[in-house]
J.: 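Have a look at the structure that comes next, please.
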Amino acid sequence: MNVPLLDLEAQYRSIQSEILEAVHEVLASQKFILGPAVTNLESRIAEALGCRHAVGVSSGSDALLMCLMAEGIGPGDEVITTPFTFFATVSAILRVGATPRFVDICPTTFNIDASRIAEAITKRTRAIMPVHLFGLCADMDAIMDCARDRGIIVIEDAAQAFGATYRGRHAGTIGDYGCYSFFPSKNLGGAGDGGMIVTNDDAKADRLRILRVQGASPKYHHQIVGGNFRLDTIQAAIVGVKLRHVVAWTEQRRANAARYFDLLAETTRRQTGLLSLPREPLHRRHVYNQFVVRLADRQRVRAGLSAAGIGTEIYYPVAAHLQPAVASLGLAAGAFPVSERCAQECLAIPIYPELPESALRAVAGALAGLAGGDPSEGSPMAVW
Ligand SMILES: *Cc1c(COP(=O)(O)O)cnc(C)c1O
């Protein structure tokens, strides 16, 4: 049975007429730059997330960059983040000339270990950028405690976490800024690139709106140096259609996760140390943008799944501090052992909303067969 990691064609088939109608409306209006679909999406997202402002931008990467620009963060400044993330989080810091300060992750959530942030704070620390990786919020209470009273800004990378909550509050709305991505494979994705920044601060929202149009206010009067960071109107129209469905899709992702927990319970209960499933801590709602398991023998299991026609992906094979692009930081292997270990053990399996029950069973069955063996056959996973 062929099971892709993600099936965007199945999603498109289910909403094709709505999408075509929304795109047609933009084409008929010929209002392509910050057209009504952008403003409309901004207000609907602000309402859905329970925050004051949402600013449509060109991508999730640019969203992160713009928040740092809006705060005037640059050379000589330090920004604390996680080494276990998509590299865009780190590039944003480097692109403004600031220095990333990494703090290792917690192995059960894959998110920054908030208990270790305080020791990484220096006089130069201007911001903390937690990532809500795979759709699960980082420990925001502890992170806000580190930032508060020290004048440190919190920029949440919520690119993978639309719909996730922390103690009932939406990802991205707890810190000073929250950044979303509409990259097609995200749980709320467009038909190209796009992103959104959310904030509860009026002045910050104004600044972001100026930054995204070359720092101009009014037109041709440039107050600051910005860029072309606008959300495309056709993308906004398409994301606007998907926003109507994302609650149901998220429920389906969570139902699929629950099925995996059920079907794989026996395998993990045997405590072979060969497979561990993602966790959802109390008071945090996981949206399973990815369903990521840890495997002692990832290479063999992945090859076995692939032979069975099952698509998987490794998010992320190399921890950020070991990427060639940041060699100048001088961080060697061993600097962040939990992240490095997760980079070797993590594997994402299919979780998309349209995943049929038969496919889900096939994945769980294959995984149990491959990873549920005798512990003496492989070296068990690290236990923290
Ligand atoms: C996707 C992603 C980004 C970047 O978003 P783009 O829209 O692709 O630029 C940033 N951070 C994380 C964690 C992501 O998953």
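Start at 1 with the first residue, then count along the sequence. Start at 1 and go down the list; that is how both ligands and their atoms are numbered. Values reported hereafter were calculated over all heavy atoms of this structure, with side chains retained and with hydrogens, waters and symmetry mates removed.
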J.: For atom CD of Q223, is the number of surrounding heavy atoms from other residues, nucleotides or ligands below 6.0 Å larger than 12?
T.: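 Counting other residues, nucleotides and ligands, CD of Q223 exceeds 12 neighbours.
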
J.: Do other residues, nucleotides or ligands put more than 12 heavy atoms under 6.0 Å from E9 CD?
T.: no

J.: Among all protein heavy atoms, pick the one closest to atom 9 (O) of ligand 1 and tell me residue, atom and distance.
T.: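 Among all protein heavy atoms, the one nearest atom 9 (O) of ligand 1 is S61 OG, 2.5 Å.
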
J.: Would you call H132 a ligand 1 contact, heavy-atom distance under 4.0 Å?
T.: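 Per 4.0 Å heavy-atom rule, H132 does not contact ligand 1.
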
J.: Is V131 near ligand 1, meaning one of its heavy atoms is under 4.0 Å from it?
T.: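 It does; at least one heavy atom falls under 4.0 Å.
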
J.: Between R341 and E345, is there a side-chain N and carboxylate O pair less than 4.0 Å apart?
T.: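 The answer is yes: the pair qualifies as a salt bridge.
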
J.: Report the nearest protein non-hydrogen atom to atom 11 (N) of ligand 1: residue, atom name, distance rounded to 0.1 Å.
T.: D157 OD2, 2.7 Å

J.: Please state which part of T85 comes within less than 4.0 Å of ligand 1, counting heavy atoms only: side chain, backbone, both or neither.
T.: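 Side chain only; the backbone of T85 stays clear of ligand 1.
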
J.: Look at atom 1 (C) of ligand 1 and say which protein heavy atom is nearest, naming residue and atom and giving the distance to 0.1 Å.
T.: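 Result: K186 NZ, 1.5 Å.
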
J.: Side chains of Q11 and H245: is there a donor and an acceptor less than 3.5 Å apart?
T.: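 No, H245 and Q11 have no side-chain donor paired with an acceptor closer than 3.5 Å.
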
J.: Might you confirm whether atom CD of E25 has over 12 heavy atoms from other residues, nucleotides or ligands at distances under 6.0 Å?
T.: no

J.: Where does S59 meet ligand 1, judged by heavy-atom distances below 4.0 Å: at the side chain, the backbone, both, or neither?
T.: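 Looking at S59 and ligand 1, atoms from backbone and side chain both fall under 4.0 Å.
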
